[in-house]
There are 2 protein chains.
Amino acid sequence: MPRPSPVRDALRELFERPEHRTWSLEELLGEVHGMIGGGDYSTVFRAVAVLEEHGHVSRVDLGDGLARYEASGAHHEHVRCERCGQVAEVPGCVLADAAEAIEASTGFRLRGHSLVFSGVCPECAS
Amino acid sequence: MPRPSPVRDALRELFERPEHRTWSLEELLGEVHGMIGGGDYSTVFRAVAVLEEHGHVSRVDLGDGLARYEASGAHHEHVRCERCGQVAEVPGCVLADAAEAIEASTGFRLRGHSLVFSGVCPECAS
DNA sequence: TTGAGTGCAAAGGCTTTGCAGTGCT
DNA sequence: AGCACTGCAAAGCCTTTGCACTCAA
């Protein structure tokens, strides 16, 4: 039996929050720090790696060179502002229908996809 | 007036080839080396940066941590094999229709998107 | 005692940048 | 001479790993 893991527990709790957003490792570290008053970058890194292996979280790539993680489950895409980096969510999955056609045309057996829209958010546009 | 740039010229020629694929910096360096017998990683890097600024090529993120570049123009998505890393193209753009709905729901003004499907290619599946 | 969980520090891998040399213009 | 283009080398940034320590089982 594994011994208690405050860091991983904090992360698990974090990812169970109703707000479904993406977290970079640094943001996760900050949250963990606030929750248990400790924690280390590498520990967080390893903890999310375990959570990812167990299917609790998914690593997402928003194209800004940072690894981000989100709770598995409700799948959706993201929009990232080219100017300020703000990330918003796109409700619903736009691609459910496309998958089948793509499998037929490429011969690949699809298992996932990563879609990031980029543009300018309302604040930056004004 | 800029003086001649063998590296950039080679790259421009490379990106004008009919085969429309993505290139990592290392692959580009290899090609350039084969074309003009010289070239350097950083030179290639700066050359594609210029080409990108001028809108001739686009940087694409396939989610494997490598920067890749493709000729601007015909836009399409990619499928990357989770096992061997092979990249295939998805004919047509699946997302033309979705953009408008997304702008309405998020308030972002969209300028682009990055979509990568992942799965298992025919070779790896067998 | 044994090994999972941690921290600290350092290694890796790729991208970017600094700088001095070279050759057009 | 002035400056764009290059190469080489080094700096940056994140991610990932090594190692030694602590503590529950």
Side-chain angles (χ1 to χ4, degrees), chain A residues 1-15 22-54 56-70 80 82 85 87 114 116 118, chain B residues 1-15 22-54 56-70 80 82 84-85 87 114 116:
Chain A
M1 216 47 170
R3 76 178 239 215
S5 167
V7 172
R8 186 156 69 233
D9 293 344
L11 286 175
R12 204 177 319 233
E13 184 182 329
L14 180 60
F15 282 113
T22 63
W23 306 85
S24 67
L25 283 175
E26 201 148 321
E27 292 170 334
L28 287 176
L29 177 58
E31 288 293 318
V32 168
H33 222 89
M35 294 169 79
I36 66 175
D40 179 76
Y41 196 95
S42 65
T43 306
V44 170
F45 169 78
R46 281 183 277 228
V48 284
V50 170
L51 292 180
E52 190 189 10
E53 268 181 41
H54 289 25
H56 294 112
V57 306
S58 311
R59 183 170 179 161
V60 298
D61 181 354
L62 264 41
D64 59 356
L66 273 193
R68 289 160 187 281
Y69 299 85
E70 69 175 0
R80 182 166 57 87
E82 293 175 342
V87 174
S114 146
V116 184
S118 61
Chain B
M1 216 49 166
R3 72 179 243 212
S5 167
V7 172
R8 187 156 66 231
D9 293 344
L11 285 175
R12 204 179 318 234
E13 183 181 330
L14 181 58
F15 282 113
T22 64
W23 306 85
S24 67
L25 283 175
E26 200 148 321
E27 291 171 333
L28 287 175
L29 176 58
E31 288 293 318
V32 168
H33 222 91
M35 294 169 80
I36 66 175
D40 179 77
Y41 196 94
S42 65
T43 305
V44 170
F45 169 77
R46 282 183 277 229
V48 283
V50 170
L51 292 179
E52 189 188 11
E53 268 180 40
H54 290 24
H56 294 112
V57 306
S58 311
R59 183 169 178 161
V60 298
D61 181 355
L62 265 40
D64 59 354
L66 272 194
R68 290 161 187 280
Y69 298 85
E70 69 175 359
R80 181 166 58 87
E82 292 175 344
C84 70
V87 174
S114 146
V116 184

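Chain naming here is simple, since letters A, B, ... match the order of the sequence lines and numbering starts at 1 in each. Because the structure is predicted, anything quoted here is derived from the model rather than measured. Below, all heavy atoms of this structure are taken into account, side chains as well, without hydrogens, waters or symmetry copies.
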Practice prompt. Take the protein atom CG of A/Leu11 and the nucleotide atom C1' of C/dG5, then report the distance between them rounded to whole Å.
Written response: 13 Å
Practice prompt. Name every residue in residues 41-49 of chain B that has at least one heavy atom under 4.0 Å from any atom of DNA chain D, in order of residue number, or write none if there are no such residues.
Written response: B/Ser42, B/Thr43, B/Arg46
Item to complete: Taking all heavy atoms of A/Leu62 and all of A/Arg80, pick out the closest pair and write down the distance.
Response: O-NE, 2.9 Å
Worksheet item: Shortest non-hydrogen contact from B/Asp61 to B/Ser114?
Response: O-OG, 3.8 Å
Discussion item. Please report the distance, rounded to the nearest Å, between NE2 in A/His54 and C1' in C/dA4.
Written reply: 12 Å
Practice prompt. List the steps and the verdict of side-chain contact (heavy atoms from CB on, under 4.5 Å) for B/Asp9 and B/Arg12.
Written response: CA-CA 5 Å; B/Asp9 293 344; B/Arg12 204 179 318 234; 4.3 Å; yes
Worksheet, complete the sentence: Rounded to whole Å, the CD-P distance (A/Glu26 to D/dT16) equals 15 Å
Worksheet item: How long is the gap from CG on B/Leu28 to CZ on B/Arg68, to the nearest 0.5 Å?
Response: 10.0 Å
Item to complete: Please state how far atom CG in B/Asp61 lies from atom P in D/dC14, giving the value in whole angstrom units.
Response: 15 Å
Worksheet item: Between A/Asp64 (CG) and D/dC13 (P), how many Å, whole number?
Response: 15 Å
Worksheet entry | Nearest heavy-atom neighbours spanning A/Val7 and A/Gly39 | CG2-CA, 4.3 Å
Item to complete: Kindly point out which of C/dC8, C/dG5, D/dT15 is positioned nearest to the side chain of A/Asp40?
Response: C/dC8
Worksheet item: To the nearest angstrom, how far is A/Asp9 atom CG from D/dA24 atom P?
Response: 14 Å
Discussion item. Just the rounded figure in Å: distance from P of C/dT15 to CG of B/Leu25.
Written reply: 5 Å
Fill in: Phosphate OP1/OP2 of C/dT15 contacted by B/Arg68 side-chain N/O (<4.0 Å)
no
Worksheet item: Quick one: A/Leu29 CG to C/dG5 P, roughly how many Å, whole number?
Response: 18 Å
Practice prompt. Using the test side-chain hydrogen bond (donor to acceptor under 3.5 Å, both in side chains), find all partners of A/Ser42 that sit at least two apart in sequence or belong to another chain.
Written response: A/Asp40, A/Arg46
